[in-house]
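Here is the structure we will look at, set down as structure tokens.
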Amino acid sequence: MAAPPPCAGRRSAPTTRNTRQPARCPRTWRAAALAAAAGLALAACGSSGASKASGSSAASSNRGQSAFAQYPAGKRPAGPRISGKLVGGGTLDLAAWRGDVVVINVWGSWCAPCRAEAPTLAKVADATRKLGVRFVGFDTRDNDAAAQAFERNYKITYPSFRDPDGQLVLRFNGRVPVSAVPSTVLIDRSGRIAARIIGPTSYETLNTVVRELAAEKPGTGATA
């Protein structure tokens, strides 16, 4: 950490050798610097949390600016029922995708980290479609015009739910903390939550976890 700047309004105290040393800043400067550093480590577009899901055991780690947790087979919480209107028109009920691996990404066109991770999501979605993997977005606190422009710009071909007030995201409360934008939740073939990423994901992380889930047989993640 860089040395604190000399405090404004204080004169330096002379030493016995007639040299002058900068006055020390109050401890509040150090506290503020440490708080700022901690904030930068977790910053995304929204608030974030890295707590474990209620009633579940999850292996967690920090990867860059993302909080990653993977739920072991046999201890995965059930995913919530999700249905609603799509960006650009139409409706979708994720119950129709049971038997596939489902990747849910929470995003908004206004979110800089969402723009940074969009090419990764598009690439993994295209590469794993034949493995029985489906991607879907939750477009939150946004409008259709901006969302559709985002999808065209980043070549996003999978659908996104309209979630202007965050109600779809709130359905994960008590199961997995999905409070930051962007966030990604991975659902196994049995409809159970297998992993979640809070913050922007990387190609290596997402591609690896998606392929692991695609290789599982239905029922692997069911709670005993």
Side-chain angles (χ1 to χ4, degrees), residues 50-61 63 66-87 90-107 117-118 120-140 156-163 167-178 180 182-224:
S51 60
K52 294 180 181 179
S54 174
S56 300
S57 175
S60 301
S61 65
R63 303 189 180 192
S66 299
F68 173 84
Q70 193 163 7
Y71 299 84
K75 296 183 179 180
R76 294 173 183 168
R81 178 72 180 265
I82 300 293
S83 62
K85 296 180 179 180
L86 299 175
V87 171
T91 61
L92 176 64
D93 187 339
L94 291 189
W97 290 0
R98 181 64 61 87
D100 291 330
V101 174
V102 179
V103 181
I104 300 171
N105 178 253
V106 184
W107 65 280
E117 73 169 2
T120 288
L121 292 161
K123 184 176 181 179
V124 177
D126 289 343
T128 59
R129 185 180 295 112
K130 293 181 180 179
L131 301 178
V133 178
R134 305 257 197 162
F135 276 62
V136 66
F138 285 5
D139 179 36
T140 188
I156 302 296
T157 58
Y158 53 82
S160 281
F161 287 105
R162 297 180 68 253
D163 191 23
Q167 290 301 307
L168 293 181
V169 177
L170 288 176
R171 295 185 190 180
F172 285 93
N173 279 357
R175 293 186 172 96
V176 273
V178 186
S183 289
T184 303
V185 179
L186 294 96
I187 310 293
D188 68 18
R189 296 187 188 277
S190 298
R192 296 187 171 272
I193 299 167
R196 65 103 171 97
I197 304 165
I198 295 180
T201 188
S202 68
Y203 176 81
E204 179 182 7
T205 296
L206 187 61
N207 186 60
T208 298
V209 179
V210 166
R211 289 179 180 276
E212 287 175 356
L213 291 176
E216 290 183 354
K217 295 180 180 179
T220 298
T223 302

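Note that the structure is a prediction, hence the values are computed from the model and not measured.
- Side-chain atoms of Leu121 and Tyr158, non-hydrogen and from C-beta on, do get closer than 4.5 Å to each other.
- Here the closest non-hydrogen pair linking Ala180 and Ile198 is CB-CG2, 3.5 Å.
- Within the 4.5 Å cutoff, no side-chain heavy atoms of Lys85 are placed close to those of Leu92.
- Annotation: side chain of Val102 is not in contact with side chain of Leu186 (no heavy-atom distance under 4.5 Å).
- For the pair Phe161 and Gly84, the tightest heavy-atom approach, listed with the atom from each and the gap, is CE2-N, 3.4 Å.
- Phe138 CZ to Asp163 CG: the interatomic distance, rounded to the nearest 0.5 Å, is 6.5 Å.
- Here the closest non-hydrogen pair linking Arg192 and Arg76 is NH1-O, 3.1 Å.
- Contact check for Thr184 versus Ile104: no side-chain heavy atoms found under the 4.5 Å cut-off.
- Across all their heavy atoms, Glu117 and Gly199 have their closest contact at OE1-O, 4.2 Å.
- Between atom OG of residue Ser190 and atom NZ of residue Lys217 there is a gap of 12.5 Å, rounded to the nearest 0.5 Å.
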Exercise. So Leu170 and Gln167, side chain to side chain contact (heavy atoms under 4.5 Å, CB included) or not? Walk me through it.
Worked result: CA-CA 5 Å; Leu170 288 176; Gln167 290 301 307; 3.6 Å; yes

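- A donor-acceptor pair under 3.5 Å links the side-chain atoms of Asp188 to the main chain of Gly191, judged by distance alone.
- Taking the side chain as every heavy atom from C-beta outward, Val210 and Val103 approach each other to under 4.5 Å.
- Between Tyr71 and Pro77 there is a side-chain heavy-atom pair separated by less than 4.5 Å.
- When all heavy atoms of Ala78 and Ile193 are compared, the closest pair comes out as O-CD1, 3.9 Å.
- Asn105 and Pro182 get closest at one heavy-atom pair: ND2-CB, 4.5 Å.
- Of the charged side-chain nitrogens involved, none lies within less than 4.0 Å of a carboxylate oxygen, so that Arg162 and Asp139 do not count as a salt-bridged pair.
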Could you list the donor-acceptor pairs under 3.5 angstrom formed between side-chain atoms of residues 127-137 and any protein atom two or more places apart in sequence or on another chain?
| unit_1 | atom_1 | unit_2 | atom_2 | d |
| --- | --- | --- | --- | --- |
| Thr128 | OG1 | Val124 | O | 2.7 |
| Arg129 | NH2 | Asp126 | OD1 | 2.9 |
| Arg134 | NE | Asp100 | OD2 | 3.1 |

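- Side-chain atoms of Arg98 and Arg189, non-hydrogen and from C-beta on, never get closer than 4.5 Å to each other.
- Listed by chain and residue number, nothing satisfies the ring-ring contact (aromatic ring centres under 6.0 Å, His included) test with Tyr203 (two or more places apart in sequence, or in another chain).
- For the 3.5 Å distance criterion, the side chains of Trp107 and Ser160 qualify, holding a donor opposite an acceptor.
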For this session: Evaluate side chain to side chain contact (heavy atoms under 4.5 Å, CB included) for Glu212 paired with Gln70, printing each intermediate quantity in order.
Result: CA-CA 11 Å; Glu212 287 175 356; Gln70 193 163 7; 3.3 Å; yes

Problem set entry | Stepwise side chain to side chain contact (heavy atoms under 4.5 Å, CB included) check, Ile187 with Val101 | CA-CA 6 Å; Ile187 310 293; Val101 174; over 6 Å; no

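- Contact check for Thr205 versus Phe68: side-chain heavy atoms found under the 4.5 Å cut-off.
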